[in-house]
Amino acid sequence: VVMKEVFNTRSMEEELQAKLGVKEVHVVPGDSDQFPWVKKEMGRTCVNVIKRNLAMQGNIIAVTGGTTIAAVAEMLVPDSDLKESLFVPARGGLGEQVENQANTICATMARKAMGTYRLLHVPDQVSKDAYESLVLEPSIQSILKLIHSATMVIHGIGEAQTMADRRDTEEDVLAKLKEKEAVAEAFGYYFNKSGEIVHKVPTIGLHLNDLESINTIIAVAGGASKAEAIQAYLIKSPSQVLITDEGAAKEILAKL
Ligand code: F6P
């Protein structure tokens, strides 16, 4: 039985890799929509992938928010390589609860890995004027510089409607997301099923085009309910690693 499980997961990984056109895929058994421990398993796998991709020195690891990346943080353990790493949030406030905010996750990761961290303090929804003056603040400039020199990014992917609801999105934006048929969300960007950007939450930090120059990009997202979102986001994203679960993997493959 165990051999069969191993085999099935591996063949799913290979098939997903080819069909989604990503560099590397890891599928953990189970469906995180049904069992919370599956998120921890994705977290454990992610920790291994992080360690394998660390450079000898100068690692700057940018992380996003969400419950999945929070599970990655929970699974981190001290490690001599990770100790030298600097953890930073990938983007400013995106309307998450404190425990699921990138800042919190980044601090947890640094504590668990015995590394260091820097935080990005920006309000959740910034007006254009506030944004323009905020980015000129020297303290914000210095952390933004670090974020833009990230060597690795670890991010979540969410289902558009779920994320819009979770963030108490304004009515006009909700209407826009519906009209433009948004299905996925990552880094504060909403995407339609062809992977095109249909809306962007105004906040500072890493922007999608910044990802092109980053060596290691790891997406961690699972659960059958996220299948469409994962697939949509990956259509136009740069080559990267996907860590997912059997629930999402089966659903994606059934539709491809
Ligand atoms: O809000 C931060 C974020 O990383 C989003 O970009 C993403 O859609 C979401 O969290 C994923 O959240 P979860 O892991 O809880 O599904």
Side-chain angles (χ1 to χ4, degrees), residues 28 30-46 61-75 87-109 119-120 122-126 147 150 152-169 173-174 177 182-193 195 197-208 210-211 217-234 237 240 242-245 247-248 251:
V28 306
D31 184 337
S32 52
D33 282 346
Q34 291 170 31
F35 307 106
W37 54 263
V38 179
K39 250 178 212 172
K40 292 200 174 151
E41 282 311 310
M42 287 193 281
R44 193 195 308 277
T45 302
C46 185
I61 307 178
V63 299
T64 70
T67 58
T68 314
I69 308 303
V72 175
E74 284 309 310
M75 301 312 284
F87 293 85
V88 294
R91 297 210 71 181
L94 286 174
E96 294 275 17
Q97 291 188 324
V98 174
E99 62 273 28
N100 294 329
Q101 284 171 10
N103 269 340
T104 313
I105 294 174
C106 151
T108 305
M109 284 193 177
L119 302 181
L120 178 58
V122 290
D124 269 3
Q125 305 283 341
V126 220
I147 293 172
M152 192 185 288
V153 178
I154 304 157
H155 73 94
I157 301 171
E159 199 260 317
Q161 188 66 50
T162 309
M163 290 316 298
D165 292 342
R166 196 159 101 188
R167 290 173 175 158
D168 288 330
T169 308
V173 176
L174 283 178
L177 294 175
V183 297
E185 194 284 343
F187 295 104
Y189 292 79
Y190 287 85
F191 307 84
N192 64 17
K193 70 173 193 300
I197 299 167
V198 296
H199 179 69
K200 200 172 144 191
V201 180
T203 183
I204 57 179
L206 276 189
H207 290 268
L208 275 190
D210 297 322
L211 298 181
I217 303 167
I218 310 170
V220 196
S225 62
K226 281 193 190 179
E228 193 181 21
I230 295 170
Q231 192 195 345
Y233 173 72
L234 290 176
S237 71
Q240 62 169 31
L242 169 68
I243 296 166
T244 189
D245 63 19
E251 191 73 17

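Side chains are part of it too, since the values below use all heavy atoms of this structure and drop only hydrogens, waters and symmetry mates. Both counts, for ligands and for their atoms, begin at 1 and track the order of listing.
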Starting from atom 15 (O) of ligand 1, which protein heavy atom do you reach first, and at what distance in Å?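 Minimum-distance protein heavy atom for atom 15 (O) of ligand 1 reads Thr67 OG1, 2.5 Å.
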Students should be able to answer this: which protein heavy-atom is nearest to atom 14 (O) of ligand 1, and at what distance? Thr68 OG1, 2.5 Å
Ignoring hydrogens, what is the shortest heavy-atom contact between Leu174 and Gln161? Give both atom names and the distance. CD2-NE2, 4.4 Å
Does a side-chain N-to-carboxylate-O contact under 4.0 Å join Glu185 and Arg167? yes
Of Asp31, Asp33, Thr162, which is the lone residue that meets side chain to side chain donor-acceptor pair (under 3.5 Å) with Ser225?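 Considering Asp31, Asp33, Thr162, a side chain to side chain donor-acceptor pair (under 3.5 Å) with Ser225 is found only for Asp33.
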Apply side chain to side chain contact (heavy atoms under 4.5 Å, CB included) to the pair Met75 and Glu41, showing each step before the final yes or no. CA-CA 9 Å; Met75 301 312 284; Glu41 282 311 310; 5.6 Å; no
Inter-residue atom distance [X].[atom1] - [Y].[atom2], 0.5 Å rounding:
X: Glu96; Y: Arg166; atom1: CD; atom2: CZ; result: 4.0 Å
X: Arg44; Y: Trp37; atom1: CZ; atom2: CH2; result: 11.0 Å
X: Phe187; Y: Ile157; atom1: CZ; atom2: CD1; result: 8.5 Å
X: Met42; Y: Thr68; atom1: CE; atom2: OG1; result: 5.0 Å

Under 4.0 Å, heavy atoms only, figure out whether ligand 1 is touched by the backbone of Ile157, its side chain, both or neither.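 Contact part for Ile157 vs ligand 1: backbone (N, CA, C, O).
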Sub-4.0 Å heavy-atom contact, Arg166 with ligand 1: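 Yes.
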Any idea which atoms of ligand 1 are less than 4.0 Å away from a heavy-atom of [X]?
X: Ala186; result: 6 (O)
X: Phe187; result: 6 (O)
X: Glu96; result: 1 (O), 2 (C), 3 (C), 10 (O)
X: Arg167; result: 1 (O), 2 (C), 5 (C), 6 (O)
X: Gly65; result: 2 (C), 3 (C), 4 (O), 10 (O)
X: Lys226; result: 13 (P), 14 (O), 16 (O)
X: Thr64; result: 4 (O)
X: Gly158; result: 7 (C), 8 (O)

Option with minimal heavy-atom separation from atom 6 (O) of ligand 1, where the choices are Met163, Met42, Glu185: Glu185
Among Ile218, Leu234, Val153, Leu211, whose side chain to side chain contact (heavy atoms under 4.5 Å, CB included) with Gln240 holds?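 For Gln240, the side chain to side chain contact (heavy atoms under 4.5 Å, CB included) check succeeds only for Leu234.
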